[in-house]
Visitor: 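Submitted below is the structure of interest, expressed as structure tokens.
These values consider heavy atoms only, across backbone and side chains, with no hydrogens, waters or symmetry-generated copies. Ligands are counted one by one from 1 in listed order, and the atoms in each one are counted from 1 as well. Note that this is a predicted model, so its numbers are computed, not measured.
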Amino acid sequence: MQNTQIQGRSNATAASYTLKDWQGGYRSQPIESNYWIDEIEGKIPQALSGTLFRNGPGLLDVNGQRLHHPFDGDGMVCAIAFSEGRAYFRNRFVQTAGFLEEQAAGKILYRGVFGTQKPGGWLANAFDLRQKNIANTQVIYWGGKLLALWEAAAPHRLNPHTLETLGLDHLEGILHSGEAFAAHPRVDQVSGKTPTLVNFAIKPGLSSTITIYELDPDGKLLQRHSHSVPGFAFIHDFALTPNYCLFFQNPMDLNPLPYVVGIKGAAECIKFRPEQATKIWVIPRDATKPMQVLETRSGFIFHHANAFEQHDKIYVDSICYESFPTVKPGQNYLQTHFPDLTPGQLWRFELDLSTKTVERQLLESRCCEFPFVHPAKMGQPHRYIFIGAAHQPEGNAPLQAILKLDIATGKRQLWSAAPRGFVGEPVFVPRPEATREDDGWMMTLVYDAASDRSDLVILDARDLEKPPLARLHLKHHIPYGLHGTWTPQCFAPSYAN
Ligand SMILES: [Fe+2]
């Protein structure tokens, strides 16, 4: 794979991929492995020390019964630990109660939120409203605990050295029975005395409850506060500043009847309402202050890149779609016709609390998802955003490239794995002692259809268009994942192992 510039393509509108190649990354990986990575192109930086944890669906089927949507897949956590120029790989499934039951039974026993049904038609699914905590969305190391997260339930704790599942974790009683902990915690490194992890939970209903948790570096609760907002709330991520938590309530209605009677999954009962505004709930972190609500034009948001306060305004950079991207009942996601879908694009929202108005500006029109900023810039003005992006500049397409956007200059850099590579979320790791915001390493897992395996690619984040510093070839593929985090603790075994 070579670094590729957009302008260098002679035919930028031609598809940069084949559907067959893309489909290869959506096959189950039932095998759990651990090994020193020994097939490496380039060189792992000596100063790179720590562990990259990643989570995502490891199974796209249960004993041959295909899931309706990848988001319904059981969580499989990967760890790549770096020390002194070497890297150690592990992957293990989160041993959730539902995963163990289904593996023992050899069939799907639980309906998935995104439309996976038990075999036997609607009669077999009607009135079965049990949820399987699939622990598949994010993994964080905080307060000495490695936690696999799924937004509708409590985390699972894993052993960071072995990835063995230790069980459900209620954060020393912070979470009460049945309470959730979302999959998008954010760490404010700047505005408190010590770094603070801020996360939330949504309890949806006719009116929905947003609960905010703030935890200190030991995992102790600093504060918790809850707020009721009218209507159904599908909120996957939030944005954080020193003074506010911001929640974009996508304009959607839920009619749960088809779910209850076994015809559809819960997420398939959501109707996007393009004629309605998106509501932005601005909740002060000082819980004694009142929350406010602003409105902006309709759109659907999974992820925010970052937010910050400047000149009496709040700025939020987010990936916004014109409507909710979903897989309809009867559709096969593996046959996705990408050109039919609207792309996710990066927008900047400018919130003026004094006038209660919102302006928005398109920052990047290229189809993109999974934005990432320097971790110390969380809640602060940022200059650079790294995002998974389509190779081609227009329309919807699979993520095959990493885009670096320089907000100050508008300059863009693109590293592309096209035509046969497909990227995951980029994770930026600052270089120790760095002073520049982009001085660090950009890592992403790439599914390479040519070898039918996955690689971890390490780029010099200062110049994405240089050839990768290192490309670590795994011995197998990793299904397309969701989110991951870097921790400076290195969880590699000793070299003798
Ligand atoms: Fe997410």
Visitor: May I have all residue pairs that pass side chain to side chain donor-acceptor pair (under 3.5 Å) and include part of residues 291-301, sequence neighbours excluded?
Guide: none

Visitor: Could you go through K404 and D438, starting from their C-alpha distance and side-chain angles, then the distance that decides it, and tell me whether this counts as salt bridge (Lys or Arg N to Asp or Glu O under 4.0 Å)?
Guide: CA-CA 10 Å; K404 175 186 177 185; D438 62 346; 2.8 Å; yes

Visitor: Show me, pair by pair, the donor-acceptor contacts under 3.5 angstrom made by side chains of residues 480-487, not counting sequence neighbours?
Guide:
{"unit_1": "Y480", "atom_1": "OH", "unit_2": "W22", "atom_2": "O", "d": "2.8"}
{"unit_1": "H483", "atom_1": "ND1", "unit_2": "E425", "atom_2": "OE2", "d": "2.8"}
{"unit_1": "H483", "atom_1": "NE2", "unit_2": "H184", "atom_2": "NE2", "d": "3.1"}
{"unit_1": "H483", "atom_1": "NE2", "unit_2": "H303", "atom_2": "NE2", "d": "3.1"}
{"unit_1": "T485", "atom_1": "OG1", "unit_2": "V139", "atom_2": "O", "d": "2.6"}
{"unit_1": "T487", "atom_1": "OG1", "unit_2": "Q489", "atom_2": "OE1", "d": "2.3"}

Visitor: In chain order, what residues pass the side chain to side chain donor-acceptor pair (under 3.5 Å) check against D406, with sequence neighbours excluded?
Guide: R383, T409

Visitor: For the Fe ion (ligand 1), report each protein N, O or S atom nearer than 2.8 Å, sorted by chain and then by residue number.
Guide: H184 NE2, H236 NE2, H303 NE2, H483 NE2

Visitor: Can you confirm whether E359 is buried at CD, in the sense that more than 12 heavy atoms of other residues, nucleotides or ligands lie under 6.0 Å from that atom?
Guide: no

Visitor: More than 12 foreign heavy atoms under 6.0 Å from NZ of K203: is that the case here?
Guide: no

